[in-house]
S.K.: 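Below you'll find the structure I mean.
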Amino acid sequence: MAKKSTKVKKIAILASGGNSPGMNNAVIALCKKAIAKKITPYVIYDGYKGLLEEKFVLIDQEKLLHIEEYNSRGNIFIGSARSLDFYKPEVKAKAGKILKNHGIDVLFAVGGDGTYKGAAGLHKYGKVNVMGLPGTIDNDISSSEQTIGFFTCLNRIVNTIDALRDSFDSHSGVCFCEVMGRGFSDLAIYAGVATDAEAIVTKDNLKTKEEFLKIANETKNNGKRSCLFVITESLYGKDGLPSLQEMAKYIEKETGRVTRVNVIGHVQRGGTTDAWDRANATLMAYKAMDCVLSGKFNRVISMIKGQIVDIDIMKATNASRKKNKMNILKEHKEVSLI
């Protein structure tokens, strides 16, 4: 674990990857605690791309009053952008020189696994101190049981599926609900359980159109007016599998029931940030600053067994990827058709 012999005087903060509700709260809390501790905070607009373009903005007391207006919003006010060049060691080395030229002692990066790997590489090749905060709706960071933004996104999905249930109950219909999550399916799993979905589908339990048809028929025979499938994004329409639209047409033809596909989309990751993500992001930011103030650098902040802790960034980025919670899927499947 690297330690600096001199006092930290300047920090910089960026966000990377997809926006995640609560990122604003983390950035605001980092700036406020830095100012309280007589440390000068800068924000970097548009992630690692903005770092390379030197988009540094000083946050003083006057600007702090302005950015506090973003406390409830699910966007990230400093922006986020992906930079393919940042995968190159020589580019990370260049970024390190840029930070040093600006007098930055520590870079705080808020984001997911890709953000963490970028920060770890920046430390390795750019020879600068970094800190990571887990900001991703997917909840897929292996080093933390919980990430900033997950609960806000989950609540948004549940509210949307509740509304879809009302509509499809009215018409005795079938609905394929696609949610975000990519390779990790906590959003689909917990949203499906919360909304009593007739099936929850992840990469580990793909279903054929015949299996979807069987579930649709069984639920109707059991007296259910609607049938909702909650499905993680990007599973169908590739690798020889039919698209959700194709399966919906098949179900409608075979059952005579109104069948539609609803891609919940980017509404999941915007809007008002819920109380838990605001508080969690703020407390994680405080923890990150406490580490720096005590001379602990190159750490990521994590939630483990309900406690906010710090972990070595190299250990965090080398951890095995999280696995989908198949035990929850199995338990839900036993009662989902009743």
S.K.: Shortest non-hydrogen contact from Ala95 to Phe86?
M.R.: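 Reported closest heavy-atom pair: CB-CE1, 3.6 Å.
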
S.K.: What heavy-atom pair brings Ile215 and Ala199 nearest, and what distance separates the two atoms?
M.R.: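 That would be CD1-CB, 3.9 Å.
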
S.K.: What about Val193 and Ile231, same hydrophobic cluster or not, with Ile/Leu/Val/Met/Phe/Trp/Tyr joined at side-chain heavy-atom distances under 4.5 Å?
M.R.: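 No, Val193 and Ile231 fall in different hydrophobic clusters.
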
S.K.: Can you check side-chain contact (heavy atoms from CB on, under 4.5 Å) on Phe297 and His123, steps first, answer last?
M.R.: CA-CA 10 Å; Phe297 305 105; His123 170 58; over 6 Å; no

S.K.: Within a radius of less than 6.0 Å around NZ of Lys55, do more than 12 heavy atoms belonging to other residues, nucleotides or ligands occur?
M.R.: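 More than 12 heavy atoms, drawn from other residues, nucleotides or ligands, come within 6.0 Å of this atom.
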
S.K.: Rounded at 0.5 Å granularity, tell me how far CZ in Arg225 sits from NZ in Lys220.
M.R.: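 Atom-to-atom, Arg225:CZ and Lys220:NZ are 9.0 Å apart.
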
S.K.: Look up atom CZ in Phe56 and atom CG in Leu99, then write down how far apart they are to the nearest 0.5 Å.
M.R.: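 Result: 5.0 Å between the selected atoms.
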
S.K.: Any carboxylate oxygen within less than 4.0 angstrom of a Lys/Arg side-chain nitrogen, looking at Glu233 and Lys238?
M.R.: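 Looking at Glu233 and Lys238, the cut-off is not met.
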
S.K.: Within the distance-only criterion (no hydrogens, no angle test), does the side chain of Asn262 pair as donor or acceptor with the backbone N or O of Cys177 below 3.5 angstrom?
M.R.: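 Pair absent, no side-chain N/O of Asn262 close to backbone of Cys177.
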
S.K.: Can a salt bridge be assigned to the pair Glu246 and Lys209 using a cut-off of 4.0 Å between side-chain N and carboxylate O?
M.R.: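 Salt bridge absent between Glu246 and Lys209.
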
S.K.: Counting C-beta onward and ignoring hydrogens, is there a side-chain heavy-atom pair between Val158 and Tyr190 closer than 4.5 Å?
M.R.: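 Counting from C-beta outward, Val158 and Tyr190 never come under 4.5 Å.
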
S.K.: Using a cut-off of 6.0 Å, state whether more than 12 heavy atoms not belonging to Lys207 lie near its atom NZ.
M.R.: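 Yes, because the 6.0 Å sphere around NZ of Lys207 holds more than 12 heavy atoms from other groups.
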
S.K.: Taking Asp312 for the side chain and Met314 for the main chain, is one N or O donor matched with an acceptor at less than 3.5 Å?
M.R.: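 At least one qualifying donor-acceptor pair exists.
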
S.K.: Please evaluate residues Leu52 and Val91 with respect to the criterion side-chain contact (heavy atoms from CB on, under 4.5 Å), reporting the C-alpha separation (whole Å), side-chain torsions for both, the decisive distance (0.1 Å), and the verdict.
M.R.: CA-CA 8 Å; Leu52 295 171; Val91 175; 3.6 Å; yes

S.K.: CG of Leu51 to NZ of Lys94: how many Å apart, nearest 0.5 Å?
M.R.: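 It comes to 9.5 Å.
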
S.K.: Should the ring pair Phe77 and Tyr70 be called parallel, tilted or perpendicular, given that the plane angle runs from 0 to 90° and is split at 30 and 60?
M.R.: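 Judged by the thresholds at 30° and 60°, the geometry between Phe77 and Tyr70 is parallel.
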
S.K.: Assess whether a salt bridge exists between Lys224 and Glu218, defined as any Lys/Arg side-chain N lying under 4.0 Å from an Asp/Glu carboxylate O.
M.R.: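 Result for this pair is no, no salt bridge flagged.
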
S.K.: Could you give me the CA-CA distance, side-chain angles and deciding distance for Asn222 and Thr219, then say whether side-chain hydrogen bond (donor to acceptor under 3.5 Å, both in side chains) is met?
M.R.: CA-CA 5 Å; Asn222 287 341; Thr219 52; over 6 Å; no

S.K.: Using a cut-off of 6.0 Å, state whether more than 12 heavy atoms not belonging to Lys9 lie near its atom NZ.
M.R.: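 Atom NZ in Lys9 is not crowded, with 12 or fewer foreign heavy atoms closer than 6.0 Å.
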
S.K.: If we ignore hydrogens and angles and just use 3.5 Å, is the side chain of Tyr48 paired with the main-chain N or O of Ala119 as donor and acceptor?
M.R.: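 Present.
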
S.K.: With a cut-off of 6.0 Å (strictly less than), are more than 12 heavy atoms of other residues, nucleotides or ligands near CZ of Arg82?
M.R.: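 For Arg82, atom CZ is not crowded (no more than 12 foreign heavy atoms under 6.0 Å).
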
S.K.: Between Lys322 and Asp186, is there a side-chain N and carboxylate O pair less than 4.0 Å apart?
M.R.: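 Judged by the 4.0 Å cut-off on N to carboxylate O distance, Lys322 and Asp186 do not form a salt bridge.
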
S.K.: For the side chain of Thr115 and the backbone of Ser16, is there at least one donor-acceptor N/O pair under 3.5 Å apart?
M.R.: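 Side chain of Thr115 to backbone of Ser16, a donor-acceptor pair under 3.5 Å: yes, one is there.
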
S.K.: Quick one: does any side-chain atom of Ser144 pair with a main-chain N or O of Ser302 as donor and acceptor, under 3.5 Å?
M.R.: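 Here the side-chain-to-backbone pair does not exist.
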
S.K.: Answer with yes or no whether the side chains of Asp105 and Asn129 bring together a donor and an acceptor at under 3.5 Å.
M.R.: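 No pair is found: no donor N or O on one side chain lies under 3.5 Å from an acceptor on the other.
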
S.K.: For Gly270, is there any backbone N or O sitting under 3.5 Å from a side-chain donor or acceptor partner on Arg156?
M.R.: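 It does hold such a pair.
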
S.K.: Between Tyr116 and Ser143, which heavy-atom pair has the shortest distance, and what is it?
M.R.: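 Minimum heavy-atom contact is CE2-OG, 4.0 Å.
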
S.K.: Do the side chains of Lys33 and Asp290 get close enough for a salt bridge, i.e. N-O under 4.0 angstrom?
M.R.: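 Counted as a salt bridge, because a side-chain N and a carboxylate O are separated by less than 4.0 Å.
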
S.K.: Can a side-chain donor-acceptor contact be found between Asp169 and Ser226 if the only test is distance below 3.5 angstrom?
M.R.: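 Indeed, the side chains of Ser226 and Asp169 share at least one donor-acceptor pair under 3.5 Å.
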
S.K.: Would you say Val292 ends up clustered with Ile35 if hydrophobic residues are merged whenever their side chains have heavy atoms under 4.5 Å apart, either directly or through other cluster members?
M.R.: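 Ile35 and Val292: one cluster.
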
S.K.: Below 4.5 Å, heavy atoms only, C-beta onward: do Val300 and Met131 meet side chain to side chain?
M.R.: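 In short, these two side chains do not touch, never coming nearer than 4.5 Å.
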
S.K.: I'd like to know if the side chain of Arg269 reaches the main chain of Met180, judged simply by a donor and an acceptor atom lying under 3.5 Å from each other, with no hydrogens or angles considered.
M.R.: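 No.
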
S.K.: Between Ile308 and Asn280, is any pair of side-chain heavy atoms under 4.5 Å apart?
M.R.: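 Of all side-chain heavy-atom pairs linking Asn280 with Ile308, at least one is under 4.5 Å.
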
S.K.: Evaluate whether atom CD of Glu90 has more than 12 neighbouring non-hydrogen atoms of other residues, nucleotides or ligands under 6.0 angstrom away.
M.R.: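 Yes - once you tally the heavy atoms of other residues, nucleotides and ligands closer than 6.0 Å, there are more than 12.
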
S.K.: Less than 4.0 angstrom from a charged side-chain N to a carboxylate O is my criterion; do Lys88 and Asp85 meet it?
M.R.: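 Yes, charged N to carboxylate O under 4.0 Å.
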
S.K.: Is there a donor in the side chain of Asn205 and an acceptor in the side chain of Thr202, or the other way round, less than 3.5 Å apart?
M.R.: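 Indeed, the side chains of Asn205 and Thr202 share at least one donor-acceptor pair under 3.5 Å.
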
S.K.: What is the distance from atom CG of Leu337 to atom NE2 of His332, rounded to the nearest 0.5 Å?
M.R.: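 One finds 8.5 Å between CG of Leu337 and NE2 of His332.
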
S.K.: I want to know whether Phe212 and Tyr250 have ring centres closer than 6.0 Å.
M.R.: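 Aromatic pair excluded; centres sit 6.0 Å or further apart.
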
S.K.: How far does CD1 of Ile148 sit from OG1 of Thr136, to the nearest 0.5 angstrom?
M.R.: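 OG1 of Thr136 is found 10.5 Å from CD1 of Ile148.
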
S.K.: I'd like to know if Leu107 and Val57 are part of one continuous hydrophobic network [Ile/Leu/Val/Met/Phe/Trp/Tyr, side-chain heavy atoms within less than 4.5 Å].
M.R.: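 No, Val57 does not connect to Leu107 through the hydrophobic network.
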
S.K.: How far apart are the C-alpha atoms of Thr232 and Val201, what are their side-chain angles, what is the distance that settles it, and do they pass the side-chain contact (heavy atoms from CB on, under 4.5 Å) test?
M.R.: CA-CA 6 Å; Thr232 301; Val201 182; over 6 Å; no

S.K.: Angle between ring planes, Trp276 versus Phe151, binned at 30° and 60°: parallel, tilted or perpendicular?
M.R.: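 Perpendicular: the ring planes of Trp276 and Phe151 meet at over 60°.
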
S.K.: Determine whether a donor-acceptor pair (N or O, by modelled atom type, separation under 3.5 Å) exists between the side chain of Glu211 and the backbone of Thr208.
M.R.: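 Side chain of Glu211 to backbone of Thr208: a pair is present.
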
S.K.: With heavy-atom distances below 4.5 Å as the criterion, would you say the side chains of Asn101 and Glu54 are in contact?
M.R.: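 No, their side chains stay 4.5 Å or more apart.
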
S.K.: Hey, does Glu68 have a side-chain heavy atom less than 4.5 Å from the side chain of Leu65?
M.R.: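 A side-chain contact exists here, since the closest heavy-atom pair is under 4.5 Å.
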
S.K.: Could you pull out the closest heavy-atom pair between Lys203 and Ser185, with the gap in Å?
M.R.: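 The answer is N-OG, 4.4 Å.
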
S.K.: For Gly96 versus Val128, what's the shortest heavy-atom pair and its separation?
M.R.: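 Scanning both residues completely, I find the closest heavy atoms to be O-CG1, 3.8 Å.
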
S.K.: Find the distance between SG (Cys153) and CD1 (Ile264) and round it off to the nearest 0.5 Å.
M.R.: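 Cys153 SG to Ile264 CD1: 9.0 Å, rounded to 0.5 Å.
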
S.K.: Taking the side chain as C-beta and beyond, is there a heavy-atom pair between Ile200 and Lys333 under 4.5 Å?
M.R.: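 Side-chain contact under 4.5 Å: no.
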
S.K.: Considering the options Asn19, Thr273, Asn75, which one meets the side chain to side chain donor-acceptor pair (under 3.5 Å) requirement together with Asn24?
M.R.: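 Among Asn19, Thr273, Asn75, the one meeting side chain to side chain donor-acceptor pair (under 3.5 Å) with Asn24 is Asn75.
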
S.K.: Output yes when a side-chain donor or acceptor of Asn25 lies under 3.5 Å from a complementary backbone atom of Asn71, and no otherwise.
M.R.: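 Here the side-chain-to-backbone pair exists.
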
S.K.: Apply the test salt bridge (Lys or Arg N to Asp or Glu O under 4.0 Å) to residues Arg165 and Asp196: give CA-CA distance (whole Å), side-chain angles for both, the deciding distance (0.1 Å), then the verdict.
M.R.: CA-CA 10 Å; Arg165 178 73 79 179; Asp196 196 20; 5.4 Å; no

S.K.: Is it true that Ile59 and Val27 fall in one hydrophobic cluster, defined by side-chain heavy atoms closer than 4.5 Å?
M.R.: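 Ile59 and Val27: one cluster.
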
S.K.: Could you check whether any side-chain N or O of Ser142 sits under 3.5 Å from a backbone N or O of Ser320, counting only pairs where one atom can act as donor and the other as acceptor?
M.R.: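 At least one qualifying donor-acceptor pair exists.
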
S.K.: Would Ile28 end up clustered with Met23 when hydrophobic side chains under 4.5 Å apart are linked, directly or stepwise?
M.R.: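 Linked within one cluster.
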
S.K.: Going by heavy atoms in the side chains, are Leu244 and Phe229 under 4.5 Å from each other?
M.R.: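 A side-chain contact under 4.5 Å is absent here.
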
S.K.: So which atom in Leu58 and which in Pro41 form the shortest heavy-atom distance, rounded to 0.1 Å?
M.R.: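 Here Leu58 and Pro41 meet closest at CD1-O, 3.6 Å.
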
S.K.: Taking C-beta and beyond as the side chain, do Tyr45 and Ile78 meet within less than 4.5 Å on heavy atoms?
M.R.: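 Yes, side chains in contact.
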
